[in-house]
Structures are given as C-alpha cells and as structure tokens.
Amino acid sequence: MTRREIRECIFCLLFQYNFYEEEEFTEQMANFLTEKKLSETNEMEIREKIDRLTEKLPDIDEKIAANAKGWKLDRIAKAELAILRLAVFEALYDESVPVGVAINEAVELAKMYGEENGYVFVNGILGKIVNE
C-alpha cells in the first residue's frame, strides 16, 4: 500500500470517528480494516497512527479552533474536519511526514472528499497553523 492509500484509510477512519462512541469506533475500525484486507504491517501502521492521533486530538482540535476564525468545530463539515485533524497531526506530531507533504495531501483529500471549495478552507487553516 502506498503512503497515500494509508493516509486515505486513516482519513476514512477519522471521518467515522465523528459518529461513534469510543467502543463502537473500535468495532467499526476493526470492520473497516478487515474489509480492506490489508497486510499486517499496513494494518499495524494505521492502528498506531489512529491511536497516536486520537491521543493528541484535544490539542489538534484546539489548534484548528484557534485558527478557524468564525467557525466552531461542530460547524466545520465532517470530511474537512477529519482532513484537518489528520494534516495537523502529520505536520506537527509525525516526524516522518514533511509539513509541505501533509498540507498538499490534505488539499488533495479535500478535493476528493470535501465540499466544492473545501480544499481552499483546509489549505487556509493549515497555512495558519503551521506558520504559528
């Protein structure tokens, strides 16, 4: 699996994270990963990143909220919020991903999964966060 495909799986799981309690999410994640028929290595990487990301979620959400002037987290479209969470995690907490790559990949995900101009919103928020 490519890094982009792994990132897309993590995005899908983060999107689901918006809709489930922790116990239900764990079950949904297991179902999702089983359906994907991933290698053991890829599944472990995805699980590890989801665990690390959800651990940092309060800090990540605080950064998003502070830079999304006029937008409360619950008003941000769920796809864009999941993309922002993933990109902020990668840019600030995952040393294996260069900041520019995290932003570019987030914009690409927003073009595929977000609202019509969601990628502009995502790019703007990420630009503010990484330049703090």
Side-chain angles (χ1 to χ4, degrees):
M1 233 181 167
T2 66
R3 285 183 174 255
R4 180 170 278 183
E5 291 168 331
I6 289 171
R7 185 177 285 110
E8 193 170 347
C9 285
I10 294 169
F11 157 73
C12 290
L13 289 166
L14 282 176
F15 182 79
Q16 288 182 12
Y17 188 82
N18 289 307
F19 302 102
Y20 296 103
E21 297 293 326
E22 188 171 336
E23 190 174 300
E24 272 186 296
F25 173 72
T26 302
E27 185 178 321
Q28 291 298 322
M29 181 168 63
N31 292 339
F32 176 85
L33 294 173
T34 300
E35 286 177 17
K36 287 289 187 184
K37 297 179 180 163
L38 304 169
S39 71
E40 188 176 323
T41 304
N42 288 332
E43 183 173 335
M44 284 177 45
E45 181 179 351
I46 290 168
R47 284 181 180 276
E48 178 188 311
K49 285 199 177 192
I50 287 290
D51 288 345
R52 288 178 50 217
L53 196 153
T54 54
E55 182 182 295
K56 297 280 188 194
L57 206 54
D59 293 334
I60 292 168
D61 283 351
E62 184 179 306
K63 290 180 185 317
I64 294 169
N67 288 282
K69 302 289 184 218
W71 289 86
K72 292 185 180 187
L73 287 181
D74 62 353
R75 283 194 57 224
I76 298 173
K78 299 299 185 215
E80 280 82 352
L81 181 58
I83 293 165
L84 284 167
R85 286 172 166 169
L86 175 55
V88 171
F89 171 76
E90 287 186 332
L92 302 181
Y93 303 106
D94 188 343
E95 294 176 7
S96 71
V97 180
V99 173
V101 171
I103 293 171
N104 289 338
E105 290 293 321
V107 168
E108 291 304 314
L109 281 171
K111 286 178 180 176
M112 290 190 328
Y113 294 103
E115 295 182 12
E116 186 175 332
N117 288 317
Y119 71 94
V120 176
F121 178 76
V122 166
N123 190 48
I125 299 299
L126 291 174
K128 290 178 185 177
I129 291 171
V130 300
N131 290 316
E132 286 185 326

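Values below: all heavy atoms of this structure, side chains included; hydrogens, waters and symmetry mates excluded. We number each residue from 1, following the sequence as shown.
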Point to revise | M44 atom CE: more than 12 heavy-atom contacts under 6.0 Å | key: no
Check your understanding: Counting distance only, does the side-chain N/O of R52 pair as donor-acceptor with the main-chain N or O of Y93 below 3.5 Å?
Key -> yes
Point to revise | Heavy-atom pair with the smallest gap, counting every atom of A110 and G118 | key: CB-C, 4.2 Å
Check your understanding: If we only count heavy atoms from C-beta on, is the M29 to R47 side-chain gap below 4.5 Å?
Key -> yes
**Study point:** More than 12 heavy atoms from other groups under 6.0 Å of CD on E62
**Key:** no
Check your understanding: With no hydrogens and no angle check, is any side-chain donor or acceptor of N104 less than 3.5 Å from a backbone partner on V101?
Key -> no
Exercise for review: Without swapping roles, check the side chain of R85 against the backbone of T54 for a donor-acceptor pair under 3.5 Å.
Suggested key: no
Practice item. Let me see the working for I129 and L92 under side chain to side chain contact (heavy atoms under 4.5 Å, CB included), right down to the final yes or no. Key: CA-CA 9 Å; I129 291 171; L92 302 181; 3.9 Å; yes
Review point. Measuring from M1:CE to E8:CD, what's the distance to the nearest 0.5 Å?
Key: 8.0 Å
Exercise for review: Step by step, work out the side chain to side chain contact (heavy atoms under 4.5 Å, CB included) result for E23 and E27.
Suggested key: CA-CA 7 Å; E23 190 174 300; E27 185 178 321; over 6 Å; no
Check your understanding: Under 3.5 Å, is there a donor-acceptor pair between the side chain of E43 and the main chain of L33?
Key -> no
Review point. What's the spacing between L126 CG and N131 CG if we round to 0.5 Å?
Key: 10.5 Å
Check your understanding: Got a second to check how far F25's CZ is from L14's CG, nearest 0.5 Å?
Key -> 6.5 Å
Review point. Can you check side chain to side chain contact (heavy atoms under 4.5 Å, CB included) on F19 and Q28, steps first, answer last?
Key: CA-CA 10 Å; F19 302 102; Q28 291 298 322; over 6 Å; no
Point to revise | Distance in Å, F121 CZ paired with L84 CG, rounded so as to fall on 0.5 Å steps | key: 6.0 Å
Review point. When you look at Q16 and N31, which way does the side chain to side chain contact (heavy atoms under 4.5 Å, CB included) test go after all the steps?
Key: CA-CA 12 Å; Q16 288 182 12; N31 292 339; over 6 Å; no
Check your understanding: In terms of side-chain geometry, is the basic nitrogen of K111 or E108 positioned less than 4.0 Å from the acidic oxygen of its partner?
Key -> yes
Review point. Do R7 and E90 meet the salt-bridge criterion of a basic N to acidic O distance under 4.0 Å?
Key: yes
Check your understanding: From L81 CG over to I125 CD1, what is the distance, rounded to the nearest 0.5 angstrom?
Key -> 11.0 Å
Practice item. Please check if I60 and W71 belong to a single hydrophobic cluster, counting links between Ile, Leu, Val, Met, Phe, Trp and Tyr side chain heavy atoms closer than 4.5 Å. Key: yes
Review point. When rounded to the nearest 0.5 angstrom, what distance separates CD in E55 from CZ in F89?
Key: 9.0 Å
Review point. Only one of T41, N42, T34 forms a side-chain contact (heavy atoms from CB on, under 4.5 Å) with L38, so which one is it?
Key: N42
**Study point:** 4.5 Å side-chain heavy-atom contact, L57 and Y17
**Key:** yes
Review point. Are there more than 12 heavy atoms of other residues, nucleotides or ligands under 6.0 Å from atom NZ of K36?
Key: no
Review point. E105 and R4: which non-hydrogen atoms are nearest, and at how many Å?
Key: OE2-NH2, 2.8 Å
